[in-house]
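Remarks on the structure that follows.
Below, chains carry the letters A, B, ... as their sequence lines are ordered, and counting in each starts from 1. What you see is a predicted model, and the numbers here were worked out from it, not measured in a lab.
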Amino acid sequence: MRPRLLTYSLRSLWARRTTSFSTALGIAFLVFVLCASQMLAIGIQDTMLSAGSDDKALVLQHSTGTESESKLPQSVLGVVAAAPGVRRDENGQSLVTGEVVAHTMLASTKVPDLVSTVQIRGVAGNVFRLRPEVHVNEGRPIRSGTSEALVGRGLRGRYAGLELGQNLELAAGRPIRIVGVLESDGSAYESELWVDLETAQSSLDLQATLSSVTARLSDPSAFEAFEATLGADKETGLAVWRERFYYEQISGGLGAVVVILGGILGVIFSLGAMLGALLALHASVEQRLPEIGVLRALGFQRRSILVSFLTESVALALVGAALGVGMSMLTPLFDFSTTNFSTNQDVTFRFQPQPGVVIIAATVALLAGLLGGALPAIRAARLDPVQAMRAGAS
Amino acid sequence: MHTSQLIFRGTLRAPVRTLVTVLTVGIMLSAFLFPRALVRAQRQQIEEAEANRIVVQPRRGWGSPLPARYADELRARDGVRIAAGIRWAGFKVPGKEDTFFASFGAEVGPFLDMCDHQLVAPLPQREAFLADPQGAMLSHDLARKLGWKLGDHVIVQSWQAPGEWALNVRSLYEPHHAEWSRNALWLHWDHLNRNLPSELQEQMSSISLELFDGSRSAEAAQAIDLSYDASPARTLTLQDRVNLVALIGRFQAILAALDGVSYMILVVVLSIFGNTLAMNTRARAREFGVMRAIGFSSGWIAGLVLAEAALIGLAGGALALAIAYPLLQGVVGPLLEESMSFPPLSIPIDLALSCLGAGCLLAIASAGWPAYRITRLSVAESLGRVT
């Protein structure tokens with residue numbers, strides 16, 4: 001039977017379990033930081049992008065970057081409805097909707113003294129036909145022409161007045177009642193307050209004004225013709241966006257900041273984990289010099305010794321990675337609300353677990369373990385058996 | 001041999017191990033520093049708040065305007081000592097578009113009355129800035145970044161609107177308890193306003209008020225909002241402190257996450273120290289035995305171990321500062337400043353000291369157990385351990 005060193009490696013990790021555990025913990029934190037920051041970046045993208053789709057087009061005022069900055073006359077709705085490429089319903093009606101988007105500052109109910117910016121969307125009666133992914137889960141939809149509102153799941157209860165059944169004033173003395181809760185699979189709409197269009201227009205002093213017109217296209221390729229027609233009319237000064245592209249634009253900045261911060265922390269934690277593994281393995285070799293000498297004297301090859309110590313570091317990395325992944329899988333339990341500085345609006349994001357992220361993080365952990373283990377393992381393998389056995393007795 | 005020499009040489013007994021430890025701890029603690037710097041910046045904002053100052057903003061949120069006439073109306077109110085309207089200018093310097101800075105058109109007279117104790121500049125410069133309608137006032141830091149000197153004539157453009165503004169650099173200031181102004185430029189509101197497209201004229205982004213009686217700021221804020229309730233541009237008036245909290249508080253979750261990470265770092269550092277220091281003392285058990293045998297007390301030796309640890313920790317903390325400083329000033333700070341309008345980040349002296357202290361304390365804490373073990377061993381045991 002060929003003697004095996006695998007159990008030896010694992011037992012020696014167990015024999016130094018405090019050291020082993022703390023090293024694995026360092027690696028676990030590395031994996032956690034990498035996973036969590038990537039999951040958040042992906043979550044930000046998902047939240048924003050799932051609000052937009054390829055077969056919808058967004059019409060804004062020319063040279064404005066966000067819906068809340070854009071001002072269009074109500075008449076644009078008719079212009080867009082008549083444009084080529086717009087899908088029609090069974091009654092021959094164009095699937096277009098005009099909306100007013102504005103912000104209001106509300107006091108947080110969670111963080112004392114905090115005032116945040118909440119996005120309000122004044123929606124027309126046909127909004128759910130254009131955004132079928134949004135639905136009212138609790139309460140009921142708003143009735144057209146009434147002072148009623150739907151609150152996004154992500155905002156609900158977090159700001160003053162934004163709980164089902166509560167009232168909110170956009171204009172003094174005109175309470176708007178929250179009658180339902182919006183859900184749309186985590187998209188950015190869940191961080192909005194939807195109010196009846198006319199109520200929004202009159203309360204926000206935006207009579208006969210729209211911020212955007214959204215059109216459902218007959219298919220994604222119809223966008224070119226649609227854009228060519230509307231964009232060409234310099235008189236009206238319209239900017240035409242693919243809805244998905246618009247949401248990409250307004251989510252890019254925040255996503256980038258999370259990726260950069262996560263990246264910097266990731267590099268630092270990688271170095272820390274690698275050097276931590278190096279120190280732990282180095283200690284482990286130092287302590288076991290006589291043992292290694294005996295193993296060599298018993299006939300174990302240099303290669304076996306090398307592999308044995310590398311196995312130890314890989315085992316440490318694997319334990320650490322498992323721990324880190326486990327920790328990061330808890331993050332989706334928490335909502336992450338922050339201001340999207342592209343639009344200045346408070347948005348609730350979720351951490352989005354993905355296999356790719358976990359695999360990358362685990363690979364980095366494994367590499368850190370291997371690199372950290374390499375030097376001590378090479379040193380152990382190159383020991384002279386006689387000197388090693390005497391090392392303890394010097 | 002002096003004790004200090006003994007300590008120093010002790011740390012270099014296993015030079016590679018010590019160096020790797022210092023390196024690791026340095027790197028990790030640098031990552032500890034930058035979340036702390038953010039949290040510090042947030043706290044500092046709050047400390048910088050002026051008790052008798054309130055800020056009137058559009059209830060529609062940042063970016064939507066207040067009519068310029070509000071400034072005059074507010075100035076005329078009872079209890080208001082000064083009212084200064086400010087409009088965000090969004091300037092960029094042609095050819096240096098990558099250099100981000102905050103820029104504002106202000107009603108300069110009242111603005112300086114209110115803030116000259118915070119933006120400290122020589123009196124003649126201040127007078128020159130006030131007297132020149134095209135005058136600009138900026139921080140020393142920003143002037144250095146842009147390569148501008150007093151008396152320079154410069155042209156700037158805006159990200160918000162077409163057009164150009166000619167400015168004369170009239171005053172360079174140093175912020176005093178006002179980190180928000182460390183990377184900023186100010187010009188006369190009239191000058192900014194005149195060159196803007198007509199639909200963007202006569203607007204203020206916010207109006208700062210100084211009250212005669214700071215103790216009544218909450219009531220005053222409420223009264224102001226109430227009086228503009230019926231108008232299209234409703235206001236949200238916040239006490240300076242609340243306003244500053246809100247500015248950074250928008251990113252509370254990011255701050256909290258980074259804060260959490262900074263504690264993880266401490267745990268990792270503790271474990272790395274623990275490893276190294278336990279190993280150091282283990283390797284030197286015999287040496288300590290000899291020292292005991294020739295008359296050093298076990299307490300003295302434990303002290304030696306702790307002192308060596310403290311020295312290693314101090315070195316790690318110092319390295320962390322050396323790494324974090326350029327990282328924060330060069331990468332993280334500008335990123336957060338530009339995208340999230342954070343105040344410019346820095347590592348103030350007390351934060352630097354606390355980093356050194358953290359290194360030291362963590363090292364001492366993790367050396368505690370090995371040191372204790374030494375005191376428990378008898379001389380014979382520690383000598384015998386290695387035979």
Side-chain angles (χ1 to χ4, degrees), chain A residues 18-19 21-23 25-26 29 32-33 36-37 40 68-69 102-105 108 111 113-118 169-173 204-205 253-254 256-258 260-261 264-265 268-269 271-276 278-280 282-283 286-287 336-339 341 344-346 349 392-394, chain B residues 14 16-17 20-21 23-25 27-28 30-31 34 57-64 226 229-234 236 238 241-243 245-246 249-254 257-258 261 264-265 267-272 274-276 278-279 282-283 323 327 331-332 335-336 339-341 386-387:
Chain A
T18 317
T19 311
F21 178 73
S22 61
T23 311
L25 198 64
F29 286 155
F32 174 77
V33 167
S37 63
L40 182 59
S68 61
E69 291 166 17
H103 292 163
T104 190
M105 311 258 278
S108 168
V111 185
D113 279 351
L114 181 63
V115 180
S116 277
T117 311
V118 170
E169 281 188 7
L170 293 181
L204 297 165
D205 198 41
L254 186 60
V257 166
V258 170
I260 291 173
L261 287 181
I264 292 174
L265 287 175
I268 289 172
F269 272 81
L271 287 170
M274 191 183 83
L275 295 175
L278 177 81
L279 284 169
H282 176 69
E286 286 292 300
Q287 240 186 320
F336 193 94
S337 295
T338 192
T339 297
F341 45 77
N344 247 327
Q345 162 212 5
D346 194 75
F349 302 106
S394 61
Chain B
V16 177
R17 186 156 65 210
V20 172
T21 306
L23 187 66
T24 318
V25 168
I27 291 169
M28 293 305 286
S30 72
F34 85 85
Q57 302 176 70
R59 190 168 288 255
R60 295 271 191 84
W62 286 291
S64 58
L226 205 62
D229 250 357
S231 66
R234 291 175 79 199
L236 179 68
L238 300 173
R241 191 182 58 81
V242 178
N243 179 45
V245 171
R250 297 181 291 159
F251 306 108
Q252 191 66 46
I254 292 178
L258 287 173
V261 167
M264 285 185 175
I265 289 168
V267 174
V268 175
V269 168
L270 196 66
S271 88
I272 289 169
N275 247 337
T276 300
M279 203 154 74
R282 213 185 288 129
I323 298 172
L327 196 67
V331 187
V332 181
L335 173 77
L336 298 182
S339 55
M340 303 189 183
S341 22
V386 285
T387 52

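- Between A:Leu271 and B:Thr24, every side-chain heavy-atom pair lies at or beyond the 4.5 Å cut-off.
- Proximity to chain B (any heavy atom under 4.5 Å) is restricted, for A:Phe32, to the side chain, taken from C-beta onward.
- In this structure, chain A has heavy atoms under 4.5 Å from both the backbone and the side chain of B:Arg17.
- What you find for B:Pro232 and A:Asp205 is that their closest heavy atoms are CB-OD2, 2.9 Å.
- For a residue to count as touching a neighbouring chain, one of its non-hydrogen atoms must lie under 4.5 Å from one of that chain's; by this rule B:Thr21 touches chain A with backbone and side chain alike.
- Interface check for chain B: of the options A:Ala102, A:Gly26, A:Ala171, the most heavy-atom pairs under 4.5 Å are formed by A:Ala171.
- In this structure, NE2 on A:His282 lies 8.5 Å from OG1 on B:Thr276, to the nearest 0.5 angstrom.
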### Step-by-step side-chain contact (heavy atoms from CB on, under 4.5 Å) determination, B:Ile27 to A:Leu275
CA-CA 10 Å; B:Ile27 291 169; A:Leu275 295 175; 4.3 Å; yes
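- B:Ile254 is listed as a side-chain neighbour of A:Leu254, based on a closest heavy-atom distance under 4.5 Å.
- Heavy-atom distances place the side chain of A:Ile264, and not its backbone, under 4.5 Å from chain B.
- Taking A:Ile260, A:Leu204, A:Val258 one by one and counting their heavy-atom pairs under 4.5 Å with chain B, the maximum is reached by A:Leu204.
- Of the two parts of B:Met264, the backbone and the side chain both hold a non-hydrogen atom closer than 4.5 Å to a non-hydrogen atom of chain A.
- Of all the listed residues (B:Gly61, B:Ala233, B:Ala253), the one sharing the greatest number of non-hydrogen pairs under 4.5 Å with chain A is B:Ala253.
- For the pair A:Leu25 and B:Ser271, the minimum side-chain heavy-atom distance is 4.5 Å or more.
- Contact of B:Leu226 with chain A is not made at all, since no heavy-atom distance falls under 4.5 Å.
- Between B:Leu335 atom CG and A:Leu261 atom CG the span is 6.0 Å, to the nearest 0.5 Å.
- For a residue to count as touching a neighbouring chain, one of its non-hydrogen atoms must lie under 4.5 Å from one of that chain's; by this rule A:Leu170 touches chain B with the backbone only.
- When all heavy atoms of B:Val20 and A:Leu278 are compared, the pair lying nearest together is CG1-CD2, 3.7 Å.
- Interface residue B:Val242: backbone and side-chain heavy atoms are both found under 4.5 Å from chain A.
- With a threshold of 4.5 angstrom between heavy atoms, A:Thr117 approaches chain B through side-chain atoms but not through N, CA, C or O.
- Here the shortest heavy-atom pairing between B:Ala257 and A:Phe336 reads CB-CE1, 4.2 Å.
- Per-residue heavy-atom pair counts under 4.5 Å with chain A were compared for B:Val261, B:Val16, B:Ile323, and the maximum is reached by B:Val261.
- Judged by distance alone, the side chain of B:Arg60 and the main-chain N or O of A:Met105 form no donor-acceptor pair under 3.5 Å.
- Proximity to chain B involves both the backbone and the side chain of A:Ala280, based on heavy atoms less than 4.5 angstrom apart.
- Heavy-atom minimum distance, A:Leu265 versus B:Ala31: CD2-CB, 4.1 Å.
- Neither the backbone nor the side chain of B:Leu270 comes within contact range of chain A; no heavy atom of the residue lies under 4.5 Å from a heavy atom of that chain.
- Side-chain contact check for B:Ile265 versus A:Phe269: some heavy-atom pair is nearer than 4.5 Å.
- Closest approach of A:Ile268 to B:Met28, counting heavy atoms only: O-SD, 3.7 Å.
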